[in-house]
Amino acid sequence: MQNDYEKVWSGCLTVIKDNISPNSFNTWFAPIKPVRLKNCILTLQVPSQFFYEWLEEHYIDLLKKTIKKELGPEGRLEYSIVMDNTYHANQTQPFTIHAPTLNRKALRNPPVNMPIDINRKENEGKKMLNPFIIPGLKKLNIHPQLIDSYNFDNFIQGDCNRLARSAGIAVGQNPGKTSFNPLLIYSGNGLGKTHLAHAIGIEVKNHFPEKTVLYVTAEQFTNQFIDSIRNNNQNDFVHFYQMIDVLIVDDIHCLAGKPKTQDVFFHIFNQLHQGGKQIIITSDMPPVEMSGIEPRLLSRFKWGLSADLQVPDFETRLAILQKKIRNDGVEMPEDVLELISAKISTNVREMEGALISILAQSSMNKKDITLKLASSVIDKFVKNSPREITIDYIQQAVCKYFGLPIDKLKSKSRKRETVQARQLAMYFSKLYTKSSLAAIGNKCGNKDHATVLHACKTVKNLIDTDKSFKQYVDELDNMINVG
Ligand code: ADP
Ligand code: MG
């Protein structure tokens with residue numbers, strides 16, 4: 001006979017299974033054990049803190065929906081973290097979070113497992129196999145995961161990217177042999193890091209087809225690593241990475257607050273570097289400003305060259321659009337391209353988005369592409385495109401609101417006003433960014449993940465019980481969202 005909690009959880013699992021890839025399901029849901037159901041609170045046992053954070057960060061919406069479906073609107077979730085079959089040292093009480101309380105954005109892409117041994121018959125048609133479980137995987141069969149169109153031909157040169165681009169070409173033509181090892185490319189969102197990283201990989205392949213190149217995002221790397229822990233094949237994981245000649249890791253800042261993944265990356269980095277292999281990483285920050293990354297890893301990042309990509313000037317923006325439409329074989333009047341380049345000045349990805357919207361509008365409504373049409377699309381586009389909300393941005397808004405210097409918020413001060421401002425910054429960071437609890441804590445006075453969790457709960461409670469506090473929060477919310 002199944003217990004109540006087992007029944008409820010198995011009902012949840014049926015729904016969850018339909019909503020995520022089998023791979024993510026096996027990684028993140030199969031290891032969960034239901035342990036109790038009391039007062040509409042279902043307690044789930046998870047194998048580690050990291051695991052719980054990951055669920056909380058990536059699957060909260062799904063969990064929220066399924067729990068409510070099974071238990072009604074009162075349904076709540078509680079986690080108990082069990083390591084090595086004993087409770088975590090400082091948690092005699094099961095860890096509690098009220099999953100359905102925080103208002104979360106859409107789920108991110110499910111974890112992806114990458115390279116497959118394409119030559120093996122049984123892998124035909126399978127796209128998401130874990131490379132480590134393939135016995136006898138050969139170097140040459142590792143798929144580099146490069147996107148063909150992200151090449152140097154399509155990467156327009158400008159003052160904004162001169163150093164990064166030429167360093168990239170040098171590395172592509174001579175991987176592991178220049179002093180640019182590692183090559184770290186950093187910039188804000190949508191300014192070409194991913195494109196350039198792929199271009200370097202493609203350049204290597206053009207000059208040295210026999211070299212093993214691999215592009216991964218730091219998120220994929222993390223997921224693979226977690227899979228390997230789960231499957232007890234960490235050695236295979238490390239061994240796999242040792243076969244790579246040119247390793248490209250995109251968005252390395254995603255490793256912030258993940259010490260175990262950083263640790264394994266550190267070892268892989270050292271092995272490759274010592275073996276004269278090339279490493280290319282990208283980040284949204286220069287190494288000096290990266291937080292949540294261990295000093296020994298940061299110091300490695302500084303060994304080679306760090307080059308940034310800046311916002312392109314008008315001529316470069318125009319050239320990027322011209323190249324894009326030529327590649328796509330579409331036509332667009334020059335004055336429309338100029339208008340887009342003039343009006344959208346911060347981010348190449350947004351420019352491309354506007355271009356696509358204009359094309360779509362004109363073809364759907366069978367209208368010619370005129371300046372008037374373009375102008376109305378761009379206006380809507382610029383107004384509606386959400387600004388990216390970062391932890392730094394939230395901290396600034398909170399400090400401005402309370403008239404508090406930002407270094408106070410980042411300090412260890414226990415003064416009441418400071419504590420409250422810090423808690424609000426944590427709350428909004430959890431609400432509006434994809435950062436992990438650990439990464440948020442790290443940026444707000446070097447606190448741990450439990451402190452952030454506590455802050456979120458405190459703020460939530462105060463919103464429910466204290467009217468004037470709720471008013472602050474609403475005003476702040478408005479400030480953060482409207483600017
Ligand atoms: P990031 O990784 O920095 O967020 P991406 O590399 O994804 O940015 O770039 C966003 C889009 O802008 C991509 O489609 C890319 O091809 C394009 N892009 C950025 N910089 C350039 C450039 N210098 N030349 C051509 N296209 C560019
Ligand atoms: Mg990118």
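Scope of the values below: all heavy atoms of this structure, side chains included, with no hydrogens, waters or symmetry mates. Both counts, for ligands and for their atoms, begin at 1 and track the order of listing.
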query = Which atoms of ligand 1 are found less than 4.0 Å from any heavy atom of Gly188?
reply = 3 (O)

Ring-ring centroid check Phe237 Phe221, cutoff 6.0 Å = yes

message = If the cut-off is 4.0 Å to any non-hydrogen atom of Lys193, which atoms of ligand 1 fall inside it?
response = 1 (P), 2 (O), 3 (O), 4 (O), 6 (O), 8 (O)

note = Taking only non-hydrogen atoms of Asn161 and a 4.0 Å limit, the atoms of ligand 1 in range are 23 (N)

key: Parallel, tilted or perpendicular: rings of Phe269 and Phe265 (30°, 60°)   = perpendicular

request  = Please assess Asp477 against Tyr432 for the test side chain to side chain donor-acceptor pair (under 3.5 Å), listing each intermediate value before the final yes or no.
outcome  = CA-CA 10 Å; Asp477 200 352; Tyr432 290 130; 2.5 Å; yes

task = Measure from NZ or CZ of Arg296 to the centre of the six-membered ring of Phe266, then state whether that distance is under 6.0 Å and the direction lies within 45° of the axis.
result = yes

ask   = Do side-chain atoms of Asp251 reach the backbone of Cys254 as a donor and acceptor pair under 3.5 angstrom?
value = no

query = At a 4.0 Å threshold, what atoms of ligand 1 neighbour a non-hydrogen atom of Tyr150?
reply = 13 (C), 14 (O), 16 (O)

Nearest non-hydrogen protein atom, atom 8 (O) of ligand 1 = Gly192 N, 3.0 Å

note = atom 23 (N) of ligand 1 sits nearest the protein heavy atom Ile156 O, 3.0 Å

message = Counting only nitrogen or oxygen atoms and a 3.5 angstrom limit, does Val348 reach ligand 1?
response = no

message = Can you tell me if Asp335 has over 12 outside heavy atoms packed within less than 6.0 Å of its CG?
response = yes

ask   = What atoms of ligand 1 come within less than 4.0 Å of a heavy atom belonging to Asn154?
value = 24 (N), 25 (C), 26 (N)

request  = Just jot down the ligand 1 atoms closer than 4.0 angstrom to any heavy atom of Ile320, in number order.
outcome  = 21 (C), 22 (C), 23 (N), 24 (N), 25 (C), 26 (N)

query = Backbone or side chain, does any N or O of Leu191 fall under 3.5 Å from an N or O of ligand 1?
reply = yes

For ligand 1, the portion of Glu352 having any non-hydrogen atom under 4.0 Å away = side chain

query = So, are Asp159 and Arg162 salt-bridged, with charged N and O less than 4.0 Å apart?
reply = yes

inquiry  = Would you say the Mg ion (ligand 2) has Asn189 as a near neighbour, meaning an N/O/S atom of that residue under 2.8 Å away?
reply    = no

Polar proximity ligand 1 side, Leu196 side, N/O cut 3.5 Å exclusive = no

inquiry  = Check this for me, if you would: do Asp379 and Lys343 make a salt bridge, where the nitrogen-to-carboxylate-oxygen distance has to be below 4.0 angstrom?
reply    = yes

note = Note: ligand 1 atoms sitting under 4.0 Å from heavy atoms of Asn189 are 4 (O)

ask   = Without hydrogens or angle criteria, can the side chains of Asn270 and Gln274 be said to hold a donor-acceptor pair below 3.5 Å?
value = no

inquiry  = Any carboxylate oxygen within less than 4.0 angstrom of a Lys/Arg side-chain nitrogen, looking at Asp392 and Lys443?
reply    = yes

task = Around atom 16 (O) of ligand 1, find the nearest protein heavy atom and jot down its residue, atom name and distance.
result = His195 ND1, 2.6 Å

note = The protein heavy atom nearest to atom 7 (O) of ligand 1 is Arg349 NH2, 2.9 Å

